[in-house]
Amino acid sequence: AAIPQNLLLWLGTLVVPALSRAGERRLARFISWMLCRPFFRWWRCARTNLDIVYGDAMAPKEKERILHASFDNAALVITDYLWFGRRTEERLERHCAAGDDTIRRWIEGDFPGVFVTAHLGSWETAGLYVAAHGRRLWSVFKPIGSRAVARRMRRFRSGCEQRVIPREGAMTGVLRALRARDVVAMVLDQHVDGRDGGVYLDFLGLPASFSPAVGTLAHRLRIPVLVLAGVRDRETDRVVLRTFREFTAEETAATEPGDLTRAIADAIGGMILRWPEQWLWAYRRWKRWQPGDDPKRFPWYARLDPLAPPFVPPEAPAP
């Protein structure tokens, strides 16, 4: 599998950076068209996830529209890795922007904090934009694909002096960055098994496991958390960084870690409902259920998480 990945990467490195922005978009649409057809399991997974969240409240045609837009966005994320790798600062200035005063305050600030985002919009390009504007930013990085692909992704994230922290043993690097008054960026819509410390919270209708790391760190260190998204604005052809919710240092200090983790998860869910066309619906978000839960509630791809705590149904409201 590594040879085809390396070959595609080599060809993409030659071709994509030389394209215009319009040409890159056309290539991304072609890649999306290719992904939607031979990889039916991805499409099936994405459609299942949409059904979990919206059920019969959304018409089938609208679900199809959102799915196609989601795959288009995912393909553009892939091509952006290569396209923004050349003339990076010039292209960021033309095609990215801070969308509100809160984002600008964090970029211009000199305080430790955590950016929380999801696989929504152009999450990678958003990190580049922050680092290009002088804010010391560290992102937690999990290598995927072949070694060459992982190196390319790391090189992309290191553009404009952005730092990366390997996911394995990340806590040491995260603490070092925060003590230096830097910002750490984390993508928190991924599943975390019970054996790795994941906690199950209601997420868009079903229990899903989240990492409690941000809630715990923010509470103990009394640092702010910003939930944001790098949203694609089709009219201006820009990636616009938008604040969804900010937790101030005073709020994180006064909120218990479990409650803070739950509030962050709710904010991520809210972002997805606000910009559903730009979330990665093909990700297996509800991939585990807890002991004692009903497996029939979960999608076809889900399996038991044997090390998760037993499922405790929520209390019924008082009559």
Side-chain angles (χ1 to χ4, degrees), residues 1 5 8 25-81 117-124 142 144-145 187-193 198 200-211 229-234 239 244 265-290 293-305 308 311:
Q5 289 182 23
L8 288 173
R25 285 191 175 277
R26 287 192 292 270
L27 175 61
R29 283 195 295 271
F30 174 74
I31 293 174
S32 172
W33 182 84
M34 293 292 293
L35 293 177
C36 288
R37 281 148 183 82
F39 297 100
F40 175 72
R41 286 174 65 87
W42 292 355
W43 183 268
R44 181 188 175 196
C45 176
R47 181 56 188 263
T48 298
N49 289 342
L50 261 178
D51 290 339
I52 288 172
V53 175
Y54 291 102
D56 296 331
M58 180 178 287
K61 285 188 177 180
E62 178 65 8
K63 289 180 181 179
E64 292 287 315
R65 184 191 69 80
I66 288 176
L67 288 180
H68 281 288
S70 173
F71 274 82
D72 285 350
N73 183 76
L76 195 53
V77 169
I78 295 172
T79 57
D80 276 354
Y81 271 114
T117 189
H119 290 91
L120 187 152
S122 185
W123 60 91
E124 297 286 0
K142 179 184 178 181
I144 62 173
V187 181
L188 285 189
D189 58 344
Q190 296 171 298
H191 172 83
V192 180
D193 277 342
Y200 282 82
L201 305 170
D202 181 76
F203 184 64
L204 300 175
L206 275 182
S209 183
F210 283 85
S211 168
V231 181
R232 296 191 190 277
D233 187 325
R234 300 296 183 183
V239 174
F244 192 83
D266 289 343
I268 293 172
M271 285 199 306
I272 293 168
L273 294 178
R274 183 171 177 180
W275 296 293
E277 301 91 347
Q278 299 193 36
W279 191 47
L280 188 64
W281 288 96
Y283 177 67
R284 298 186 179 192
R285 186 63 191 90
W286 293 272
K287 67 190 302 183
R288 297 277 191 263
W289 71 78
Q290 299 163 275
D293 204 347
D294 182 5
K296 295 180 181 179
R297 302 175 61 206
F298 289 80
W300 54 270
Y301 58 77
R303 299 293 184 269
L304 173 67
D305 186 350
F311 175 70

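Fair warning: this is a prediction, and the values are worked out from it, not measured in the lab.
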Residues forming a salt bridge (Lys or Arg N to Asp or Glu O under 4.0 Å) with Arg26, sequence neighbours excluded = none

By salt bridge (Lys or Arg N to Asp or Glu O under 4.0 Å), Asp266 pairs with (sequence neighbours left out) none

Could you tell me whether the side chain of Ser70 and the main chain of Ile66 form a donor-acceptor pair under 3.5 Å?
-> no

State, without any angle test, whether Tyr200 and Asp293 hold a side-chain donor-acceptor pair at a distance under 3.5 Å.
-> no

Tell me, with the steps shown, if Val77 and Trp123 meet side-chain contact (heavy atoms from CB on, under 4.5 Å).
-> CA-CA 8 Å; Val77 169; Trp123 60 91; 3.9 Å; yes

Give the C-alpha distance, both sets of side-chain angles, the deciding distance and a yes or no for side-chain contact (heavy atoms from CB on, under 4.5 Å) between Ile52 and Leu204.
-> CA-CA 8 Å; Ile52 288 172; Leu204 300 175; over 6 Å; no

Heavy-atom donor-acceptor pair, Ser209 side chain to Asp193 backbone, under 3.5 Å | no

With sequence neighbours left out, write down each residue that passes salt bridge (Lys or Arg N to Asp or Glu O under 4.0 Å) with Arg232, or none if nothing qualifies.
-> Asp80

Minimal non-hydrogen separation, Ser32 against Ala75, with atom names = N-CB, 3.8 Å

Taking side chain as C-beta onward, heavy atoms only, is Ile272 less than 4.5 Å from Trp281?
-> yes

With side chains defined as the heavy atoms from C-beta onward, is the minimum distance between Leu304 and Trp289 less than 4.5 Å?
-> yes

Could you tell me which residues satisfy side chain to side chain donor-acceptor pair (under 3.5 Å) with Arg25, sequence neighbours excluded, listed by chain and number?
-> Asp237

How far does NE2 of His191 sit from CZ of Phe210, to the nearest 0.5 angstrom?
-> 11.0 Å

Under the side chain to side chain donor-acceptor pair (under 3.5 Å) rule, collect the residues that match up with Thr79, sequence neighbours excluded.
-> Glu24

Atom NE2 in His68, atom CH2 in Trp33: separation rounded to 0.5 Å?
-> 12.0 Å

CD1 on Ile78 to CD1 on Ile31, rounded to 0.5 Å | 6.0 Å

Under the side-chain contact (heavy atoms from CB on, under 4.5 Å) rule, collect the residues that match up with Leu280, sequence neighbours excluded.
-> Ala74, His119, Tyr283

Salt bridge (Lys or Arg N to Asp or Glu O under 4.0 Å) with Lys63: which residues, sequence neighbours excluded?
-> Asp51

Go through the structure and list residues passing side-chain contact (heavy atoms from CB on, under 4.5 Å) with Ala282, not counting sequence neighbours.
-> Trp42, Ala46, Phe71

With Arg285 as the cation and Phe298 as the aromatic partner, state whether NZ or CZ is under 6.0 Å from the six-membered ring centre and within 45° of the axis.
-> no

If you take all heavy atoms of Arg297 and Gly205, which pair is closest and at what distance?
-> NH2-O, 4.1 Å

Considering non-hydrogen atoms only, spot the tightest contact between Asn73 and Gln278 and give its length.
-> ND2-O, 3.3 Å

Check: Asp72 side chain, Arg29 main-chain N or O, donor-acceptor pair, under 3.5 Å = no

By side-chain contact (heavy atoms from CB on, under 4.5 Å), Ala118 pairs with (sequence neighbours left out) Leu120, Asp189, Ile268, Met271, Trp279

Checking Arg44 against Trp300: charged group under 6.0 Å from the ring centre and within 45 degrees of the axis?
-> yes

Any residue meeting side-chain contact (heavy atoms from CB on, under 4.5 Å) with Tyr301, in chain and number order, not counting sequence neighbours = Cys45, Asn49, Arg284, Trp286, Lys287, Pro299

Set of side chain to side chain donor-acceptor pair (under 3.5 Å) partners for Arg65, sequence neighbours left out = Glu62, Glu277

Mind checking side chain to side chain donor-acceptor pair (under 3.5 Å) for Ser211 and listing every partner two or more places apart, or none if nothing turns up?
-> none

